[in-house]
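Since this is a predicted model, take the numbers as computed values, not measurements. Read the numbers this way: they start at 1 and go in the same order the structure lists the ligands and their atoms.
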Amino acid sequence: MKPISKAELWATTCFQCHGAEGQSAGGAIPPLAGYPADIMAQQLKAIKAGTRPSTIMKRHLMGYSDADIDAIATYLGSLKP
Ligand code: HEC
């Protein structure tokens with residue numbers, strides 16, 4: 001069996017709130033599967049920098065570098081919505 005990538009591992013931390021495999025029902029917590037990677041990376045970096053408002057996401061993102069965020073966004077964007 002192929003070991004999972006770092007991006008896949010990190011993405012599992014998102015699924016607790018955003019729904020298994022990134023398929024949430026929507027609303028305030030958007031589904032992540034198939035989310036355009038460039039837009040997600042832009043939004044997450046702005047949240048981390050504090051220029052885009054959020055409640056919980058900023059705290060969650062503090063542990064990730066910009067390169068980590070790019071990897072997570074690319075992986076999630078590649079999932080089938
Ligand atoms: C503890 C619950 C929780 C976890 C874990 C979580 N999120 Fe979120 N996410 C939220 C909530 C709540 C919002 C709505 C914005 C806010 O209030 O922070 C949100 C919003 C978002 C948005 C929309 C941002 C925007 O600017 O519109 C994206 C994209 C996102 N999350 C991606 C992720 C990714 C990727 C991960 C994993 C690295 C993750 N989330 C982990 C709860 C969570």
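- Across all their heavy atoms, Leu61 and Ile47 have their closest contact at CD1-CG2, 3.8 Å.
- A continuous path of ILVMFWY side-chain contacts below 4.5 Å connects Ile72 to Ile39, so both sit in one hydrophobic cluster.
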Q. Can you check side chain to side chain contact (heavy atoms under 4.5 Å, CB included) on Met40 and Ile69, steps first, answer last?
A. CA-CA 9 Å; Met40 183 188 295; Ile69 288 173; over 6 Å; no
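- Within the listing of ligand 1, atoms 16 (C), 17 (O), 18 (O) sit less than 4.0 angstrom from a heavy atom of Thr55.
- Taking SG from Cys17 and NE2 from His60, the interatomic distance works out to 8.0 Å, rounded to the nearest 0.5 Å.
- Residue Arg52 places a heavy atom under 4.0 Å from ligand 1.
- Counting atoms of ligand 1 from 1 in the listed order, those under 4.0 Å from a heavy atom of Leu44 are 28 (C), 29 (C), 30 (C), 32 (C), 35 (C).
- Short contacts between ligand 1 and Leu76, defined as distances under 4.0 Å to a heavy atom of the residue, involve ligand atoms 35 (C).
- Residue Ile29 holds its CD1 atom at 8.0 Å from OG1 of Thr55, rounded to the nearest 0.5 Å.
- Ligand 1 has an N or O atom lying under 3.5 Å from an N or O atom of His18, backbone or side chain.
- Under the 4.5 Å side-chain criterion, counting only non-hydrogen atoms from C-beta, Thr51 is not in contact with Lys45.
- Taking distance alone, with nitrogen or oxygen atoms compared against 3.5 Å, Cys17 stays at or beyond that limit from ligand 1.
- Distance from atom 5 (C) of ligand 1 to its nearest protein heavy atom, with residue and atom name: Thr13 O, 3.3 Å.
- Counting the atoms of ligand 1 from 1 in the order shown, those under 4.0 Å from a heavy atom of Tyr35 are 23 (C), 29 (C).
- Listed by number with element, the atoms of ligand 1 under 4.0 Å from a non-hydrogen atom of Cys14 are 34 (C), 35 (C), 36 (C), 37 (C), 38 (C), 39 (C), 41 (C).
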Q: Would you please test Tyr35 and His18 for side chain to side chain contact (heavy atoms under 4.5 Å, CB included) and show each step?
A: CA-CA 12 Å; Tyr35 203 105; His18 285 271; over 6 Å; no
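- Between Leu76 and Phe15, the closest side-chain pair of non-hydrogen atoms falls below 4.5 Å.
- When non-hydrogen atoms are compared, ligand 1 lies under 4.0 Å from neither the backbone nor the side chain of Ala73.
- Applying the 4.0 Å criterion to heavy atoms of His60 picks out, from ligand 1, the atoms 5 (C), 37 (C), 38 (C), 41 (C).
- Protein heavy atom in closest approach to atom 12 (C) of ligand 1: Ile56 CG2, 3.6 Å.
- We find the NZ-OG distance between Lys48 and Ser65 to be 6.5 Å, quoted to the nearest 0.5 Å.
- Heavy atoms of Lys58 found under 4.0 angstrom from ligand 1: none, in either backbone or side chain.
- Distance check, rounded to the nearest 0.5 Å: OH of Tyr75 to SG of Cys14 gives 10.0 Å.
- For ligand 1 and Ile47, the ligand atoms under 4.0 Å from any heavy atom of the residue are 24 (C), 26 (O).
- Among protein heavy atoms, the minimum distance from atom 22 (C) of ligand 1 is reached at Pro30 CG, 3.8 Å.
- For the atom pair Glu8 CD and Lys2 NZ, the distance stands at 5.0 Å (nearest 0.5 Å).
- The ligand atoms of ligand 1 that sit less than 4.0 angstrom from a heavy atom of Ala28 are 13 (C), 14 (C).
- Contact annotation: Ser54 places no N, O or S atom under 2.8 Å from atom 8 (Fe) of ligand 1.
- Remark: minimum distance from atom 20 (C) of ligand 1 to any protein heavy atom is reached at Met57 CG, 3.5 Å.
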